[in-house]
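Below you'll find the structure, written out as C-alpha cells, and then a few comments.
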Amino acid sequence: MGLPSLDIGNDKYWLIKLRDIFINNCKLYMKWTTLLPYCIWELWKNRNHNNINNLDNYLDIRKVIHAAWEFTFSTERNPFVEKTINVEISWIKPNKDVIKLNYDGAFSSKSKRAGLGGAFRNSKGDWIMTNAPIEDPATEA
C-alpha cells in the first residue's frame with residue numbers, strides 16, 4: 001500500500017493535508033490518533049534540530065509515517081494479515097459398555113491460574129459426569 005506523495009515545503013497546512021490523506025487512504029490500517037503524536041514529535045525534533053544547527057530543513061513526512069508504523073506493528077496485531085486456523089473437531093465414541101473420559105487443561109501465565117476439566121460419556125455419547133477444578137495460583141510445571 002502506498003500513499004500519495006506529499007510535498008509540504010513551507011506549507012503551513014501540511015498536517016491537515018497529511019490527515020486528509022490518511023483519512024482517505026489508510027483508515028483501515030492505522031488510526032489518525034496513532035499518527036498524530038508522531039507528527040507532533042517529529043515536528044518538535046525537526047524544529048530543535050534546525051534551531052540548534054541554524055538550519056532550515058523541512059519536516060520529513062516519511063519519518064513520521066515510519067515511526068507510526070513501527071509503533072503500530074510492535075504494539076498491535078498486524079493490520080494486513082488475518083490469520084484463520086480451521087480445526088476439525090470430532091468425537092470418537094467408545095465401544096459398548098465403556099465410559100470415555102475427554103479432558104483438557106489450560107494455564108494463564110499472566111494470572112497464574114490453571115484449569116483442568118473432563119467429561120465422562122458413554123458409548124452413545126450421553127453425558128455422565130463433568131469435573132473442572134481450577135488451581136489458583138498454579139505452581140510452575
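Everything numeric here is computed off the predicted structure, so don't read it as measured data.
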Item to check | Any residue meeting side chain to side chain donor-acceptor pair (under 3.5 Å) with N95, in chain and number order, not counting sequence neighbours | outcome: none
Next on the checklist: Could you work out, with side-chain contact (heavy atoms from CB on, under 4.5 Å) as the rule, every residue matching H49, not counting sequence neighbours?
Outcome noted: N53, L55, N57
Residues 97-107, side-chain donor-acceptor partners within the protein, below 3.5 Å, at least two apart:
residue, atom, partner, partner atom, Å
K100, NZ, I92, O, 2.5
N102, OD1, W91, NE1, 2.6

Identify each donor-acceptor pair in which a side-chain atom of residues 37-44 lies under 3.5 Å from a protein atom, sequence neighbours left out, and give them as a table.
residue, atom, partner, partner atom, Å
E42, OE2, K45, NZ, 3.1

Checklist entry - With sequence neighbours excluded, what pairs up with K124 under the side-chain contact (heavy atoms from CB on, under 4.5 Å) test? => result N122, D126
Checklist entry - Taking only residues two or more places apart in sequence, or in another chain, which ones meet T33 in a side chain to side chain donor-acceptor pair (under 3.5 Å)? => result none
Item to check | Exercise: identify the closest heavy-atom pair between P94 and S123 | outcome: O-CB, 3.4 Å
Item to check | Partner set under side-chain contact (heavy atoms from CB on, under 4.5 Å) for I52, not counting sequence neighbours | outcome: none
Checklist entry - Are side-chain heavy atoms of F120 and T130 found at a separation under 4.5 Å? => result no
